Amino acid sequence: MSDAAAAGPFHVSVNVDVRITDPSRLGGVDESRYAEALTRLIQGHAWEAGLEIVDPKSIEVSVTRAA
């Protein structure tokens, strides 16, 4: 991609399936607490990747226990 083609801004939506491998690092004790922690993680670190969260309410995190 050329520099001209890389000029933005771009709109990005992300849908990702992740597994919590070290629950103690998130400090949660149940599904809702993990979801809150992950939402805060996304909000707090998006800027490190050069991202601006246009609508903070658009962040949707769902946590369910694995069988």
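Numbers here are sequence positions counted from 1. Atoms considered below: every heavy atom in the structure, side chains included; atoms not considered: hydrogens, waters and symmetry mates. It should be emphasised that the depicted structure is a prediction, and the values quoted were computed from it without experimental measurement.
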Participant: Report the residues that fulfil side-chain contact (heavy atoms from CB on, under 4.5 Å) with V54, sequence neighbours left out, ordered by chain and then residue number.
Facilitator: none
Participant: Please output the side-chain donor-acceptor pairs of residues 40-52 that fall under 3.5 Å, not counting sequence neighbours, one pair per line with the distance.
Facilitator:
{"unit_1": "H45", "atom_1": "ND1", "unit_2": "E48", "atom_2": "OE2", "d": "2.8"}
{"unit_1": "W47", "atom_1": "NE1", "unit_2": "G44", "atom_2": "O", "d": "2.7"}

Participant: Can you give the donor-acceptor pairs under 3.5 Å from side chains of residues 56-63 to other protein atoms, not counting sequence neighbours?
Facilitator:
{"unit_1": "S58", "atom_1": "OG", "unit_2": "D55", "atom_2": "O", "d": "2.6"}

Participant: Would you give me the side-chain donor-acceptor pairs under 3.5 Å for residues 17-34, sequence neighbours excluded?
Facilitator:
{"unit_1": "D22", "atom_1": "OD1", "unit_2": "S24", "atom_2": "OG", "d": "2.7"}
{"unit_1": "D30", "atom_1": "OD1", "unit_2": "S32", "atom_2": "N", "d": "3.3"}
{"unit_1": "D30", "atom_1": "OD1", "unit_2": "S32", "atom_2": "OG", "d": "3.1"}
{"unit_1": "D30", "atom_1": "OD1", "unit_2": "R33", "atom_2": "N", "d": "2.9"}
{"unit_1": "E31", "atom_1": "OE2", "unit_2": "R65", "atom_2": "NE", "d": "3.2"}
{"unit_1": "Y34", "atom_1": "OH", "unit_2": "G28", "atom_2": "O", "d": "3.0"}

